[in-house]
Each structure stands twice: as C-alpha cells, then as structure tokens.
Amino acid sequence: MRPAPRLAVLLLLSLFAIAATAADTITAVKAKRLLDVNTGKWIEQPVVLIKGDRIDAVGSNLAVPAGATVIDLGGATLLPGLIDMHTHITGNPEDIGYSSIAISIGRETLYGARNAKTTLEAGFTTIRNLGAGNYTDVALRDAIDAGDVPGPRMQVSGPALGITGGHCDDTMHAPQYKIEDEGVADGNAAVMKKVREVIKYGASVIKICATGGVLSFRDDPQASQYTLEEMQTIVREAHRLGRKVAAHAHGGDGIKLAVEAGVDSIEHGSYIDEAGIQLMKARGTYLVPTSYLGDWLIENAERLKIPAPIVVKAKTVLPMARKNLAVAFRSGVLVAFGTDAAVYPHGLNAREFATYVKMGMAPLAAIQSATVNASRLLGWTDRVGSVEKGKFADMIAVKGDPLLDVSELERVQFVMKGGQVVKRVAP
Ligand SMILES: [Zn+2]
C-alpha cells in the first residue's frame, strides 16, 4: 500500500499541469469590427484575447501574445453571443395539441438535447427556458453545464405555475382522465409551496401564467388568471429565495396585476395598454415580446393539424399584438428579446429581430434587447451580454452590417461559447 500516496501526488501534480495549461492558453479572435452593444459604437479591427473560458482583453489592434492561437475572421462583424429570454427548448411545433400526449419524458429530454445544439449553432449562447414538463429543462441544463451535450447556457423554470384550468394547465382532456399539469397551484398556501417545490427540483427562474393563452383550449387570453394576492405571494417567495419571476400575460388587466405584484418580466404582452405601459416603465418591468411566432404559426397551422380552437385564437391575438407592441416600443418600455421557440422551429430564433424592426425599433435597440437588456433581466451582467473583460467568451460573427440589415443575424457564420468554437462557416 506504500506507493499509493506518491501515485496520488503524481496524479494531482499532472492534473494541476493540465489545468494550468488550459488556463494559460490564450486565444485571439480578430475581425473587421466589433459592436460595443453598450454604446452602439464600432470597435474597428478588434482583437479579443481569451484566457480559459473568459475574455481577458478587448481593443482595436491589440498586440497578440506569442504562442496564442489566432482565429482571424477577416471581414466579419463580431458581436456578443445572443440571448433568447423565452424558449421551450424541449418542445417542437409538431407537438402542439394532442400529438404531445404520446411523448415520453425521456424522448422530450432528447428532443431538448437536439434543439439546444441547433439553438447554439444559430448564435444563441444563452437562453431562458420558460416552461417544460417533468423538469426536462433542468436535466438538459445540468447536462450542458457538465459538458455532456452541447447547448447554450440556460436558466430554466421547470413546470410553469398556473391556476386550475388556466393556460398552464392541461385543458385538452375530458374530465374522466383527471389530468392536471404539475405546475397547477391555487390559493396563497399552494402557490407558496409550489414555488418552493420547483426550486427544490432545480428551477433557476419562476414562470407563471397571469392570463389565458393561445395554445390552450378553454381559456381566454384576455382574461386574467392568478389573482393579485396569489402573484404577490409568488413574487415575494421567489425573490426571497433568489429567483426572478416571468409572467405569461396577454390581457391588459392581467399585465397590470402581474406588474403590480412585482414580476420581473411580462411575456408576450399582446393586449398591453397605456396604463400597463406606464406601470411597466415606472416599475422597470421588462417586456419580452414573442412576435415572429405569429407569422410562422398561422402559415403552418394547417400542415401541423393544430386544433381549431387554437387556430381561431392565434388569428385573433397575434395580429393585434403587433399593434400594441409597437406602441409599447415607442413609449420606451424596457424590452428583452424572446421568441417562444418550440411554437416555431428551434434555430429560427433570430427571425424575431426583423419583426421588432418592422414594429419601429432601431436595429441597435433590437440587438441590445438580445444582449445587454437580456443579461440584466437574467441577473447575469457579470458573465454574458457583451464582449468585455471578465465575461464568458461567448461571441458570434456575421458577414455584413446588422445595424443596416438586422436579418444578418439570421445567417450567423461563427459561434464561440466559453472560448470554444462551436461553429465556423468557411468564408
Ligand atoms: Zn411560452
């Protein structure tokens, strides 16, 4: 048994050596220009020096240390990795309605692994997943963080909290099946317990349904669901336990109640009115519009055999949302980029940008919604959202100028996450 300690010491020393090499390795990424998303200014001929998984220095024409690995992106435009604040990474458009009941927990999780890779390769290096059954998003996040499967950094909610028969309950089945979604909780005591329960099983953010929705059978998107009191309880408990709260809300009254209760973001916001806009501005609540899905869903509803009650709602709510969101944009509500990907195919997330610009947002503001604003809403300004010293080396590159044509972001040529190249299209 004597040699064992020496062997252990040798092993330890060699592990230190490997760790030291990885941390000391410097990568230099060069391009034509880099967008400083904080100021909207270009950094010409940028050099980004990366040590380990973090950015060590950023500047024009910085000297590259001897021995550094150089990645020269030539004439490309460099930006921070994009952030999508509203995904359902383990879901698919083909599974809206009754087809979802044939999917096992295991299969759902594996769909998630596939979708996470697709999303990362589309340039989204961070996502916030708002709603997944059976904690499949928790499992996926943990697998990505462990390096087992590729994917974006994730904040995840697990099951969304909602009232009985609401948008976050399963309303497709006849009573004899006695089906209830796992996030259902009614009344103050039950919602407090449910917040604690989802945190127990791994939620890093709390998702609630404050109003009815589109992709559910019997609820009205304009009607509020949780009461003010229930939402105040949820917010108080979530914030006390260090979690933010995202509220699905279409109807104007539900939006106001949720904002008054202190939620951190309003998801969708389709019927947002002037009073809601003013309240959100006063409270600093973020709006996460999910706009592109309207185009895609209506175009593909027939092919996907989406149940008729859902199609009727989609055709009413989604075009109305465009008008109201445009007013909210003009009024200066804080916006964080979100897509609801799963309602349309993962990987098309960046199509959301063009819809914001069509509704009157400047391309720079649209890019900021998916970078600086999103990192603030995540509470992750120390790690993502801009290309700055100390943050994760999460970057993308596109060929042209996204401030002139924001749809450039739909054609990402290069993706790096934590200093590792995920994707590089040959020039
Ligand atoms: Zn959603």
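Atoms within a ligand are numbered from 1 in the order they appear, just like the ligands themselves.
Listed by chain and number, the protein N, O or S atoms at a distance under 2.8 Å from the Zn ion (ligand 1) are His86 NE2, His88 NE2, Asp340 OD1.
Figure legend: cation-pi geometry between Arg54 and Phe392, with NZ or CZ positioned under 6.0 Å from the six-membered ring centre and within 45° of its axis. For the pair Arg107 and Tyr111, the distance from NZ or CZ to the six-membered ring centre is under 6.0 Å and the angle to the ring normal is within 45 degrees.
Residues Asp273 and Asn324 have side chains that never bring a donor and an acceptor to within less than 3.5 angstrom of each other. A side-chain donor from one of Glu388 and Ser386 sits under 3.5 Å from a side-chain acceptor of the other.
The distance between the ring centers of His268 and His86 falls below 6.0 angstrom.
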With a cut-off of 3.5 Å and sequence neighbours excluded, list every side-chain donor-acceptor pair involving residues 420-427.
residue	atom	partner	partner atom	Å
Lys423	NZ	Glu121	O	3.0
Lys423	NZ	Val412	O	3.2
Arg424	NH2	Asp72	O	3.0

